[in-house]
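Throughout, protein chains are lettered first and strands after them, A, B, ... in sequence-line order, and every chain is numbered starting at 1. All values below come from the heavy atoms of this structure, side chains included, with hydrogens, waters and symmetry mates left out.
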Amino acid sequence: MLNKESVLIYPYDSHFTPLLRDKGFVDHYSNIQLSSLPGWGLCGKDASYADGGGFLGITVSQEFEEILSEIDTVIFAEADNSYTLEKNIYPKILSAIEAGKNIITLVPLNEKVEEVQEKCGKKGSYFINYGDNNLDTADFLNALAFGQKEIMDCTTPILAVVGIAENTHKFQLQLDLKSAFESMGYKVSVVGSRSYCEFLGFHSFPGFMKELISESDKILCYNRYIKQIESTEEPDLIIVAVPGGFMRYNNKITNDFGITAYEIFQAVVPDAVVVSLFHEKYTAEYLDGIMNSIKYKFGLDIDALNITNRQIDWVEMTNSKPSSVNTLTLNQDFMQKSIEECSVITSVPVFNVLDKGDTAKIADLIVDKLSEAEMAVNF
Amino acid sequence: MLTKENPLIYSFENMDKYYFFDVNKNKIINVDEEIYQIINDPEEIRSSGHPVIQKLRDQGYLSNNRVEEIKHSNGRMLDELLGYNLKKIILQVTQNCNFRCNYCVYSGSYVNRVHSNKRMDFATAQKGIDFLIEHSKDAKDIDISFYGGEPLLEMNLIIQCMDYAIKAAEGKNVSFSLTTNGSLLNEANVKRLLGYNLRITVSMDGPQEIHDKHRTFASNGCGTFNAVYDNIKRIVEKYPDIKKNLSFSMVMDPTAQFNCLDEFVASEEEFFNESAVIGSFVSNNYRNDRIQFSENFVGEWEYSKFKYLLFVLGKVSKANNSQLIRAAYREHFEYISNSHRNIAPLAKQDHHSGPCVPGQIRLFMSTDAHFYPCERVSETSDIMRIGNIEEGFFFDKIEKLLNVGQLTEENCKECYAFRNCRVCASLSDDGNQLSKEAKLKACQDVRYNFDEMMKDVCTLKECGLKKEMVQKITG
């Protein structure tokens with residue numbers, strides 16, 4: 001058995017926490033250390049402080065250089081907080097290279113890639129860059145050129161994970177559901193909502209969906225992408241996650257107007273859907289409105305709701321009119337009560353993915369639904 | 001009279017037209033005289049089958065839905081709001097001041113608040129800054145503000161704090177602000193302040209004869225206008241970029257001529273351009289006596305407001321647009337901008353607008369490290385002492401301040417200004433505890449202003465105001 005590496009994650013915040021809650025990721029390393037920027041308010045605290053979920057047992061440090069001697073590899077991660085490549089990331093990459101450490105980047109390095117590659121080469125350390133998603137449309141478009149521009153059906157069941165906006169714990173859901181289904185013995189393929197999912201052993205949201213090609217071609221390419229995964233991996237289930245949100249929030253926060261979600265659901269028709277929402281004191285009418293919006297925009301019926309432990313910071317939204325949603329973390333005991341209250345007002349089962357056991361319940365529910373369909377004499 | 005069976009509305013007449021404001025819909029509706037009479041007759045409105053009444057009901061108007069329990073929804077998540085999302089800390093770096101302004105809250109005209117030689121040491125300030133960082137993981141931006149007395153008396157401490165905060169809060173957008181009387185805003189001090197993301201608000205009360213009437217040096221009782229004016233003039237000449245971060249706070253003397261103030265701002269174009277001038281009246285809150293407005297002042301103030309409305313309507317040129325007046329119409333424009341929005345009816349458990357979560361938006365830390373909801377409350381009022389740097393927040397007190405509406409629960413449930421209220425705990429404090437009487441006095445002002453605002457808005461609509469005109473002015 002190969003020796004496991006020890007790693008340092010930088011800059012750590014809630015964006016990375018889903019990976020720390022993923023057994024597959026944690027088991028891959030002998031030791032995980034976390035370094036964060038002091039202003040982000042996480043230093044000296046358990047890593048779980050970032051997402052408000054269960055205790056993780058790793059204390060976030062303010063140090064970086066001091067930790068380098070204890071680890072083999074530095075993972076430069078994306079973050080929910082704002083940072084700059086020039087000021088916060090690149091100098092640390094140079095320090096890590098200088099200390100002879102391997103470099104893994106999940107954050108786009110842009111024009112710095114070659115320089116980092118060269119410096120690592122000289123030091124004899126490795127550099128893997130997951131930050132620049134390179135999957136392009138060429139193969140799919142070429143194939144389309146010779147065939148008919150039509151949608152191909154998938155026979156493998158598809159589970160869609162959709163969120164009302166960013167920061168609704170979609171990535172946590174994807175990782176947890178993948179793990180839950182795998183522990184039941186199923187073979188699962190995932191097309192994640194982030195651009196570096198290959199780092200975790202599954203597929204990233206394809207870069208061609210953001211390219212300047214026609215919307216129809218994007219739909220067709222995405223359809224072929226899923227078909228390719230289906231035929232090469234022969235999974236029992238495909239989890240398809242939608243990046244960003246599915247509806248416009250206000251005039252400034254447009255969530256891509258839900259176009260990405262619309263295109264994905266033109267390309268594939270999911271058999272089951274889990275929708276992630278921010279926390280609010282919801283009314284039955286509001287949840288009905290959300291469900292109807294999804295039903296009539298995308299043609300989807302929701303099987304489970306995940307209410308995340310984040311609530312929109314309405315003071316900030318009203319006063320500053322920011323260009324992205326600012327949210328407040330809610331504690332788990334508060335969430336438990338709130339989920340109970342919410343469950344009473346809707347017929348769709350309500351969960352909180354950070355609550356231990358809830359992912360398994362969602363997985364059971366999905367398996368029940370899909371196996372029911374299996375009993376039918378379908379071809 | 002409103003009863004629980006009747007619609008939760010407020011009817012009024014304006015310029016020969018009839019209106020009602022619907023609390024559940026938060027909208028003003030223009031009706032004819034016949035409908036107006038129906039809605040004002042408690043018996044008739046309950047049973048009326050008039051098609052217009054019916055249509056309004058179908059659209060959600062004229063509902064008798066009311067709040068059943070006054071309880072602020074944020075009360076459920078105080079741990080989180082104050083634990084993860086503090087936005088600002090205001091450090092009272094000193095209680096000392098080199099001015100003696102007769103309306104200042106520390107002047108002796110207010111309940112138990114006076115100047116003293118108390119100052120904050122760096123260790124305490126540092127703890128305050130750390131407290132903000134520790135409690136703001138969900139806030140994208142944080143602000144550290146320096147307050148007095150006169151904060152620039154503690155120039156070294158301010159610089160020390162800013163240097164520390166920049167390092168300690170690396171990764172967060174940190175801004176600084178201070179409110180000063182301007183006398184120490186000399187070149188040497190300004191040179192040291194340049195380069196920080198600092199917003200400076202200078203108190204200046206108008207032309208010399210008005211300013212000097214209220215703002216005098218502590219040492220000799222002489223007027224302070226020349227010292228402040230010369231300082232600003234000099235630093236703006238030398239460092240023109242500072243204007244972007246400079247604003248002026250003008251406490252308007254209600255016994256003076258408003259036109260003098262207005263003309264001062266207009267005539268000192270070079271002095272005030274690029275900088276905001278924020279006008280306010282002397283606060284009656286916590287005051288031993290009540291401020292009296294002179295007839296002249298009121299007349300000129302109202303006329304200037306009228307001129308401003310003409311400007312908004314495009315009837316007069318920008319020259320007649322006074323910076324001091326604009327703030328008086330903030331609520332009007334807010335209402336106009338949001339008037340098209342549909343909102344959910346009142347919840348069964350709700351609280352009137354007005355209170356923010358005490359301490360979350362403008363946590364005030366006194367020289368001796370006690371916490372207060374903001375700088376506007378009295379440091380001597382026990383109910384306002386919501387924690388300290390060693391023990392943290394006192395959540396029971398904070399919840400009480402947040403739910404200040406419970407003092408006047410039955411009045412609030414029937415109040416038409418429920419969703420447009422401005423009353424918070426600071427206006428309900430009798431100097432030591434929350435008082436129903438103090439709150440009801442504030443409620444009266446709110447309802448009067450809201451009533452006036454609605455009438456102004458209806459008048460503007462009649463005069464052809466369109467939302468775009470407001471957007472053009474307010475950006």
Side-chain angles (χ1 to χ4, degrees), chain A residues 10-14 35-45 49-52 60 62 79-84 87-89 167 250 279-283 285-286 289 309-316 318-335 337-338 341, chain B residues 60 71-88 129-144 164-175 334 337-338 341-350 353 355-357 360-362 471 474-475:
Chain A
Y10 175 87
Y12 174 74
D13 76 356
S14 51
S35 172
S36 183
L37 290 163
W40 294 359
L42 305 174
C43 298
K45 300 196 168 74
Y49 190 73
D51 72 349
V60 183
Q62 188 176 324
D80 289 328
N81 282 282
S82 55
Y83 61 89
T84 65
K87 196 177 159 205
N88 306 113
I89 306 289
N167 294 321
N250 57 30
H279 176 272
E280 277 299 330
K281 200 168 166 36
Y282 288 116
T283 59
E285 293 77 23
Y286 184 88
N309 69 334
R310 304 193 74 84
Q311 176 162 313
I312 291 180
D313 180 350
W314 289 112
V315 173
E316 194 71 17
T318 314
N319 295 349
S320 313
K321 300 196 169 39
S323 50
S324 61
V325 179
N326 289 359
T327 56
L328 170 74
T329 311
L330 299 169
N331 294 334
Q332 281 305 94
D333 48 350
F334 176 92
M335 284 304 296
K337 274 187 232 157
S338 197
E341 286 169 20
Chain B
K71 203 169 183 184
H72 205 293
S73 58
N74 280 341
R76 301 200 319 156
M77 51 185 80
L78 289 179
D79 275 348
E80 289 92 341
L81 286 160
L82 296 168
Y84 309 139
N85 208 10
L86 284 198
K87 311 276 189 196
K88 179 182 186 113
I129 294 165
D130 287 343
F131 188 89
L132 173 65
I133 296 168
E134 286 272 308
H135 292 77
S136 63
K137 85 171 173 77
D138 287 342
K140 285 191 176 153
D141 310 301
I142 52 173
D143 186 80
I144 296 158
Y164 175 74
I166 288 167
K167 207 170 159 219
E170 188 198 345
K172 187 83 86 186
N173 298 322
V174 191
S175 59
E334 210 176 285
S337 299
N338 296 324
R341 292 206 178 128
N342 289 319
I343 60 170
L346 293 166
K348 293 294 164 207
Q349 196 182 67
D350 210 342
S353 58
C356 58
V357 173
Q360 191 205 353
I361 313 294
R362 306 177 68 85
Q471 279 166 348
T474 57

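Contacts of A:Tyr83 with chain B are absent, with no heavy-atom separation under 4.5 Å from either backbone or side chain. Heavy atoms of A:Lys87 lying under 4.5 Å from chain B are absent altogether. For B:Leu81, the parts sitting under 4.5 Å from any heavy atom of chain A are the backbone and the side chain alike. Proximity to chain B is limited to the side chain of A:Leu42, based on heavy atoms less than 4.5 angstrom apart. No part of A:Ala79 comes within reach of chain B, as not one of its non-hydrogen atoms sits under 4.5 angstrom from that chain. Residue A:Gln311 touches chain B through its side chain alone, counting heavy-atom pairs closer than 4.5 Å. For A:Tyr49, the parts lying under 4.5 angstrom from a heavy atom of chain B are both the backbone and the side chain. Only the side chain of B:Asp141 comes within contact range of chain A, judged by heavy atoms closer than 4.5 Å.
Chain B forms more heavy-atom pairs under 4.5 Å with one residue of A:Val315, A:Thr283, A:Asp313, A:Asn88 than with any other, namely A:Asp313. Of the residues considered (B:Lys167, B:Glu134, B:Met77, B:Gln360), B:Met77 shows the highest number of contacts with chain A, using heavy-atom pairs under 4.5 Å.
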What do the steps show when you test B:Tyr84 against A:Asn331 for side chain to side chain contact (heavy atoms under 4.5 Å, CB included), and what is the final call?
CA-CA 10 Å; B:Tyr84 309 139; A:Asn331 294 334; 2.5 Å; yes
How far apart are the C-alpha atoms of B:Lys137 and A:Asp13, what are their side-chain angles, what is the distance that settles it, and do they pass the side chain to side chain contact (heavy atoms under 4.5 Å, CB included) test?
CA-CA 10 Å; B:Lys137 85 171 173 77; A:Asp13 76 356; over 6 Å; no
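Of the inter-residue distances, the one linking B:Lys140 atom NZ with A:Ser324 atom OG reads 3.0 Å to the nearest 0.5 angstrom. The CD1 atom of B:Ile133 sits 10.0 Å away from atom SG of A:Cys43, with the distance rounded to the nearest 0.5 Å.
Minimum heavy-atom separation, B:Ala168 to A:Pro38: O-CB, 3.2 Å.
Counting non-hydrogen atoms of neighbouring residues, nucleotides and ligands closer than 6.0 angstrom, the NZ atom of B:Lys71 reaches no more than 12 such neighbours.
Each of A:Leu328, A:Thr329, A:Asn326, A:Thr327 was checked for a side chain to side chain contact (heavy atoms under 4.5 Å, CB included) with B:Asn85, and the lone residue meeting it is A:Leu328.
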